[in-house]
Amino acid sequence: MKKLDIIILCGGLGTRIRSKSKNLPKILIEIKKNIPFLIYLLKNLKISSFKNIFLSIGFRGEKIINFINQNPKLCLNYYNEKKPLGTGGAIKGVLNNKKISDPFFVINGDTYFNFKIENLIKKNFNNYSKKSIILLKSDEKEKRYDQFKILRNKKISMNKKIKNNKIYINSGLYLFYKKDIISKKKIFSLEKELIPLLISKNRLDFYINKSKIFFDIGVPKDLNRFKKYAKFNIKI
C-alpha cells in the first residue's frame, strides 16, 4: 500500500492549558517523566505507516526543533511559522514550502484516539470521486467540539448546536487532496473556514470512528485523564 505524508499541527498557543504546560508547546507536555505527548502520538500513529512526517510548529517552536534534533531516529521534519497562520494557513504553509504527497494526512497535535490509519487509506482508494475525508467520532458529549450530523444522502452537515439528531464530532484527523486547500488567504482556520467550505462544495467525505478512546489534551481535565490512561495502558 502506497505510503502518504502526514502533517501534525502543533503551532497553537495552548492558552487553555498554560496552567499545566509550563510554557511548553502542548505536544511537548510530559506525560511520564521525560516522555512528551509527541512520543505517544507517534507510537499511536505507527510512524512507519507514513512516507514523511511534518510538524507544523509556531509557539515555542524552538523547543520542538531542539527535540527533533535530539531525536534524529524519529526522522521528523518541520515547518516553522514566522507568525500565527491558523490551522488552515499552517497546512497551506507546509504545502508551499515542502514536497508533500497528494493526497496527504493532517492530524491535530493535541488529540489521541484509537484508529487504524489503513482504514482511511482504503476508503480513499475506493473513493473514485477523490474527495477529501474527515474522521468523525460518535458518542461524544463535550460541547466544546464542532458538531456534525449525517444527512440521508450520506452528506454531512456542520453546526455548533444540533438538536434531535445523532451527533458526531471532529476527531482531528483528515485526508486531504491538495486541490481542496482552496482558500486564497494566508491566515485562515481549517475548522471554521475550510471545512464548512468543502462541505458546501460537496468536496468532503467522512469516516466514522466508533472507538470510545478519545483525548484532547488541550484542556487540563483531558490532559489529566490521558496521563492516567497512559500510565496503565500504553508502554513506551
Side-chain angles (χ1 to χ4, degrees), residues 4-10 12 26 40-41 44-46 49-50 56 86-88 90-91 103-183 188-219 221-222 225-226 229:
L4 303 177
D5 294 333
I6 186 169
I7 299 171
I8 301 177
L9 299 175
C10 44
K26 286 183 286 185
Y40 290 87
L41 179 60
N44 192 45
L45 286 173
K46 296 179 181 177
S49 301
F50 303 97
S56 176
T87 46
I91 296 170
F104 61 96
F105 286 101
V106 174
I107 191 170
N108 290 341
D110 57 3
T111 54
Y112 183 100
F113 47 84
N114 277 2
F115 181 72
K116 292 182 179 179
I117 205 81
E118 295 87 354
N119 292 339
L120 218 55
I121 297 175
K122 289 178 182 177
K123 182 175 178 66
N124 171 62
F125 286 143
N126 293 325
N127 179 5
Y128 299 108
S129 61
K130 300 301 180 184
K131 295 180 182 180
S132 293
I133 305 172
I134 182 174
L135 182 67
L136 300 179
K137 181 189 178 300
S138 59
D139 303 321
E140 181 58 60
K141 298 180 181 179
E142 286 284 352
K143 295 182 179 179
R144 70 179 184 272
Y145 302 113
D146 289 328
Q147 297 178 358
F148 296 78
K149 65 179 178 180
I150 299 173
L151 307 178
R152 290 183 179 179
N153 57 2
K154 300 300 183 180
K155 296 179 181 179
I156 55 176
S157 174
M158 180 180 177
N159 198 311
K160 281 284 189 181
K161 297 179 180 179
I162 299 175
K163 295 181 179 180
N164 302 321
N165 286 94
K166 185 171 179 59
I167 293 172
Y168 299 87
I169 67 158
N170 183 350
S171 285
L173 175 65
Y174 318 86
L175 187 145
F176 281 121
Y177 284 88
K178 291 180 180 180
K179 64 183 179 182
D180 287 333
I181 310 300
I182 52 183
S183 177
F188 64 99
S189 168
L190 165 61
E191 299 83 0
K192 300 182 185 305
E193 297 178 69
L194 183 60
I195 289 176
L197 182 59
L198 292 180
I199 290 174
S200 71
K201 292 181 176 294
N202 192 25
R203 287 295 311 155
L204 191 65
D205 204 347
F206 66 90
Y207 192 101
I208 297 174
N209 184 11
K210 297 181 180 179
S211 173
K212 294 183 179 180
I213 297 172
F214 181 84
F215 301 92
D216 169 7
I217 68 156
V219 295
K221 181 180 72 173
D222 256 19
R225 283 180 56 236
F226 180 73
Y229 174 81

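A quick note: this is a predicted structure, and the numbers were derived from the prediction, not measured. Start at 1 with the first residue, then count along the sequence.
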TODO: Take D110 and L9 through the side chain to side chain contact (heavy atoms under 4.5 Å, CB included) test and state the conclusion after the steps.
DONE: CA-CA 8 Å; D110 57 3; L9 299 175; over 6 Å; no

Starting at [atom1] of [X], measure out to [atom2] of [Y] and round the result to the nearest 0.5 Å.
X: S157; Y: I199; atom1: OG; atom2: CD1; value: 7.0 Å
X: L197; Y: I181; atom1: CG; atom2: CD1; value: 10.5 Å
X: N170; Y: L190; atom1: CG; atom2: CG; value: 7.5 Å
X: L45; Y: F115; atom1: CG; atom2: CZ; value: 11.0 Å
X: I169; Y: L136; atom1: CD1; atom2: CG; value: 9.0 Å
X: F176; Y: I91; atom1: CZ; atom2: CD1; value: 5.0 Å

Has the side chain of S132 got a donor or acceptor atom that lies under 3.5 Å from a matching backbone atom of Y177? yes

Starting from the C-alpha separation in whole Å, work towards a yes-or-no answer on side chain to side chain contact (heavy atoms under 4.5 Å, CB included) for I217 and D222.
CA-CA 5 Å; I217 68 156; D222 256 19; 5.5 Å; no

Open item on the list: Please enumerate all residues that pass salt bridge (Lys or Arg N to Asp or Glu O under 4.0 Å) together with D180, with sequence neighbours excluded.
Closed with: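 R203.
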
Qualifying residues under salt bridge (Lys or Arg N to Asp or Glu O under 4.0 Å), relative to E193, sequence neighbours excluded |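 Result, salt bridge (Lys or Arg N to Asp or Glu O under 4.0 Å) vs E193: K185.
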
Pairing residues for Y40 by the ring-ring contact (aromatic ring centres under 6.0 Å, His included) criterion, not counting sequence neighbours: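 Y40 satisfies ring-ring contact (aromatic ring centres under 6.0 Å, His included) with F226 only.
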
Hits for ring-ring contact (aromatic ring centres under 6.0 Å, His included) against F50, two or more places apart or cross-chain, chain-then-number order -> F105

>> Which residue is it: I195, V106, L198, L120? I am looking for the one with a side chain to side chain contact (heavy atoms under 4.5 Å, CB included) to I134.
In response: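 Between I134 and the candidates, side chain to side chain contact (heavy atoms under 4.5 Å, CB included) is satisfied uniquely by I195.
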
| Audit row: F206, Y168, ring-ring contact (aromatic ring centres under 6.0 Å, His included) steps and yes/no | CA-CA 11 Å; F206 66 90; Y168 299 87; 7.6 Å; no

Provide the closest heavy-atom pair for [X] versus [Y] in the form atom of the first, atom of the second, distance.
X: K26; Y: G218; result: CD-CA, 3.9 Å
X: E191; Y: M158; result: O-CE, 3.4 Å
X: F113; Y: T111; result: CE2-OG1, 3.8 Å

Residue set satisfying side chain to side chain donor-acceptor pair (under 3.5 Å) with S49, at least two apart, ordered chain then number -> none

Can you list the residues that meet the side chain to side chain donor-acceptor pair (under 3.5 Å) rule with N202, with sequence neighbours excluded?
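Scan of N202 (side chain to side chain donor-acceptor pair (under 3.5 Å), adjacent residues dropped) gives K131.
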
Could you walk me through whether N209 and L173 pass the side chain to side chain contact (heavy atoms under 4.5 Å, CB included) check? CA-CA 10 Å; N209 184 11; L173 175 65; over 6 Å; no

Requested in this report: Take S171 and F214, measure what side chain to side chain contact (heavy atoms under 4.5 Å, CB included) needs, and give me the verdict at the end.
Outcome: CA-CA 8 Å; S171 285; F214 181 84; 4.2 Å; yes

| Tell me, do Y207 and L175 make a side-chain contact under 4.5 Å, heavy atoms counted? | no

